[in-house]
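Worksheet for the structure shown next.
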Amino acid sequence: MVATQFEPRLKVIAIDGPSASGKGTVAAQVAAILARDYLDSGALYRLTALYACQQNIGWKNEHEIAALAYRLPVVFRANSILLNNVDVTTAIRTENIGMGASAIAALPAVRAALLQRQRDFLTSRGLVADGRDMASVVFPQAELKVFLTASAQIRAQRRALQLGMAPDGSDYQKILADIEKRDQADRSRTVAPLKPANDAKILDTSSLSIQESVEKVLDWYRKI
Ligand code: C5P
């Protein structure tokens, strides 16, 4: 679906970008400041990957995984996520589940299964949504579209620091390799590849703090 100038804008701020770009933190803070709901769409792909793992379904079984995605028994709470009544908030954040999410996210039937579920997050309160295709596919009529990025090296350093590791040791090299691998997979897939929407504003956060990034998004929002 492509937005035209005749379609009404949706009360949605779409923030897309590569992994570890800080988009989740920025999107959540913008949502809190504007008193809007927040959608972490990556969590839905991660939950689907974890659910498939629990059912011993391989990452390539497109239709079985799509069927799981349609009936994902998930509950989002303020600070936790439940899958089948079990708290999986940290279990979905492992590198293995990230890779699984990236693999199943390349399957068209899985993306189709999660499309309406993502759109259902939009209520009259408005939404800030982060992911890879929020602006291009899920909310093409978003009132503001931001593509947030940073160099792979900076993203790997931030991730290493987050995990309490040295930002230049062998752990850093492994994180950098994983980030580059996931970037490559997300950019080269045929369905909804990671790339800025034509009308997205590009925000390179390589030399910005989270606070400065949040301010920049709010500044664009105030000028809509
Ligand atoms: O953002 P996060 O790292 O949690 O996303 C996990 C994976 O899910 C990404 O690597 C990407 O392949 C996939 N994803 C996607 N579309 C989205 C959000 C996430 O393809 N809107």
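Order of listing sets the numbers, starting from 1, for every ligand and every atom in it. Being a predicted model, the structure only gives us computed values, none of them experimental.
At a heavy-atom cutoff of 4.0 Å, ligand 1 is surrounded by Lys23, Ser41, Gly42, Tyr45, Arg46, Arg93, Ala101, Ser102, Ala105, Arg111, Gly131, Arg132, Asp133, Met134, Arg182, Asp186, Arg189.
Residues in residues 14-33 take part in no salt bridge (charged side-chain N to carboxylate O under 4.0 Å, His left out) pair, two or more places apart or across chains. Every pair tested for ring-ring contact (aromatic ring centres under 6.0 Å, His included) that includes a residue from residues 161-205 fails, sequence neighbours excluded, so the list is empty.
A donor-acceptor pair under 3.5 Å is formed between the side chain of Lys145 and the backbone N or O of Pro140.
The heavy-atom pair separating Arg111 from Ala105 by the smallest distance is NH1-O, 2.7 Å. In plain terms, the two heavy atoms of Gly131 and Ser41 that are nearest each other are CA-OG, 3.3 Å.
With sequence neighbours excluded, no residue satisfies salt bridge (charged side-chain N to carboxylate O under 4.0 Å, His left out) with Asp171.
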